[in-house]
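Okay, so here's the structure we're looking at.
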Amino acid sequence: MSAELNQILERRITIRARRRTVFAYFTDSERFARWWGEGSKIAPRAGGEVFIRNPNGVTVTGRIVEIEEPERIVFTYLQAGVESLVTIRLEETPKGTELYLRHAFSSAKIRDHFVQGWRYQLAVFSKILAEESKDAVTRNVDAFFRAWGEPDAGKRRDLLQSCAAPDIAFRDAYSANDGLEDLLANLEAVQVFLPGVTLSRAGEVRLSHGTALAGWSAARGGEPVGKGTNVFELAPDGRIFSVTGFWDR
């Protein structure tokens with residue numbers, strides 16, 4: 001690149017997924033295309049080709065300058081005859097993965113043209129990463145609901161341990177629990193005061209950026225006794241770390 005690239009666009013977002021999962025989108029052309037658009041591809045090695053075909057038909061070409069899995073990737077970005085340089089760095093944190101974007105240009109005018117584009121593309125990236133884990137999240141949500149109606153204490157514990165973080169928090173109109181043991185004690189009380197009541201998911205799980213929304217229905221002997229919606233916050237590994245329940249009146 002002959003022009004000096006001293007006009008910098010920077011952006012940072014938190015993605016609620018493990019760093020290796022995030023970096024896989026820079027080493028797997030199928031995932032890369034899921035993010036950018038059909039026909040996009042990437043060759044994960046120094047000098048490897050980067051090709052982006054946006055859904056609107058605009059294409060970008062480039063070459064990987066540096067790649068350090070799962071921490072960092074640098075690639076050239078050539079669009080409409082103008083070349084720039086993209087650096088993406090990933091840092092794993094308790095909340096997931098911090099993605100740091102640095103896009104260097106030779107012109108402030110061109111740089112400013114990309115601000116909204118990267119805001120949009122990184123939001124799409126975070127959303128697609130969340131959707132990849134939908135099957136696992138649905139299993140965790142179903143296990144959480146089953147635990148409420150499970151009469152066997154050992155099985156209740158197994159269900160919650162399979163789907164929830166040890167420090168899970170639960171809140172609804174009648175409960176305020178912090179930690180797995182406190183929630184298990186609450187479920188034991190449910191068996192005493194509401195024997196025979198079961199909880200099940202109603203409808204599809206909706207998932208966005210590490211947050212899931214799921215309806216539920218409660219029944220006893222096949223007769224409905226309540227319904228509502230839960231909001232699930234997910235840890236980077238997909239387990240549930242927070243639930244807020246809303247009852248329908």
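Computed from a predicted structure; not experimentally measured. Any value given below was found using the heavy atoms of this structure, including those in side chains, with hydrogens, waters and symmetry copies removed.
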Are any of the side-chain nitrogens in [X] or [Y] under 4.0 Å away from the carboxylate oxygens of its partner?
X: R16; Y: E233; value: yes
X: E98; Y: R89; value: no
X: R157; Y: E181; value: yes
X: E91; Y: R19; value: no

Review point. Taking it one step at a time, do V74 and L85 satisfy side-chain contact (heavy atoms from CB on, under 4.5 Å)?
Key: CA-CA 7 Å; V74 182; L85 188 68; 3.7 Å; yes
Heavy atoms of other groups near [X] [atom1], more than 12 under 6.0 Å:
X: R220; atom1: CZ; result: yes
X: E38; atom1: CD; result: no
X: Y120; atom1: OH; result: no
X: R119; atom1: CZ; result: yes

Is a side-chain N or O of [X] found less than 3.5 angstrom from the main chain of [Y], in a donor-acceptor match?
X: N54; Y: N56; value: no
X: D182; Y: D178; value: yes
X: T229; Y: A214; value: no
X: N140; Y: I240; value: no
X: R11; Y: L101; value: no
X: S107; Y: I110; value: yes
X: E150; Y: D152; value: yes
X: E49; Y: P44; value: no
X: T27; Y: A24; value: yes

Check your understanding: Are any non-hydrogen side-chain atoms of E66 and E68 less than 4.5 angstrom apart?
Key ->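 In contact.
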Review point. Do the non-hydrogen side-chain atoms of V124 and W35 ever get within less than 4.5 Å of each other?
Key: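 With C-beta onward as the side chain, the pair touches.
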Do [X] and [Y] belong to the same hydrophobic cluster, where Ile, Leu, Val, Met, Phe, Trp and Tyr are linked whenever their side-chain heavy atoms lie under 4.5 Å apart, directly or via other members?
X: I128; Y: I52; value: yes
X: L187; Y: V192; value: no
X: I8; Y: Y77; value: no
X: L207; Y: V231; value: no
X: L180; Y: F232; value: yes

Practice item. Show your reasoning for whether salt bridge (Lys or Arg N to Asp or Glu O under 4.0 Å) applies to D158 and R146. Key: CA-CA 11 Å; D158 288 344; R146 286 200 307 275; over 6 Å; no
Check your understanding: Which of these passes side-chain contact (heavy atoms from CB on, under 4.5 Å) with I15: V22, L122, T21?
Key ->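 Considering V22, L122, T21, a side-chain contact (heavy atoms from CB on, under 4.5 Å) with I15 is found only for V22.
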Contact summary for [X] and [Y], nearest pair of heavy atoms:
X: I67; Y: A46; result: CG2-N, 4.0 Å
X: A143; Y: S162; result: CB-OG, 4.0 Å
X: G203; Y: R201; result: O-NH1, 2.8 Å
X: I88; Y: L90; result: CG2-CD2, 4.1 Å

Exercise for review: Fit a plane to each ring of F32 and F26, take the angle between them on a 0 to 90° scale, and name the class: parallel (under 30°), tilted (30 to 60°) or perpendicular (over 60°).
Suggested key: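 Aromatic pair F32/F26 classed tilted.
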Euclidean distance, [Y] [atom2] relative to [X] [atom1], rounded to 0.5 Å:
X: N177; Y: L183; atom1: CG; atom2: CG; value: 5.0 Å
X: I64; Y: I42; atom1: CD1; atom2: CD1; value: 4.0 Å
X: F114; Y: S84; atom1: CZ; atom2: OG; value: 5.5 Å
X: F51; Y: W36; atom1: CZ; atom2: CH2; value: 12.5 Å
X: F23; Y: E92; atom1: CZ; atom2: CD; value: 13.5 Å
X: R239; Y: L234; atom1: CZ; atom2: CG; value: 11.5 Å

Check your understanding: What do the steps show when you test I73 against F75 for side-chain contact (heavy atoms from CB on, under 4.5 Å), and what is the final call?
Key -> CA-CA 7 Å; I73 185 168; F75 56 92; 4.2 Å; yes
Review point. Between D172 and S175, does any side-chain donor sit less than 3.5 Å from a side-chain acceptor?
Key: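 Note: D172 and S175 side chains meet the donor-acceptor criterion.
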Exercise for review: Would you please test R34 and E132 for side-chain contact (heavy atoms from CB on, under 4.5 Å) and show each step?
Suggested key: CA-CA 10 Å; R34 198 180 303 158; E132 183 171 317; 3.3 Å; yes
Exercise for review: Let me see the working for W216 and F144 under ring pair (Phe, Tyr, Trp, His ring centres under 6.0 Å), right down to the final yes or no.
Suggested key: CA-CA 11 Å; W216 55 266; F144 179 84; over 10 Å; no
Exercise for review: Examine R31 relative to Y25 and say whether NZ or CZ is less than 6.0 Å from the centre of the six-membered ring and inside a 45° cone about the ring axis.
Suggested key: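 Cation-pi check for R31 and Y25: passes.
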Practice item. Determine, stepwise, if the pair E188 / R156 fulfils salt bridge (Lys or Arg N to Asp or Glu O under 4.0 Å). Key: CA-CA 9 Å; E188 179 66 31; R156 280 199 304 273; 2.3 Å; yes
Check your understanding: Going through the checks in order, is the side-chain contact (heavy atoms from CB on, under 4.5 Å) test met by R102 and L9?
Key -> CA-CA 6 Å; R102 185 181 190 273; L9 184 161; over 6 Å; no
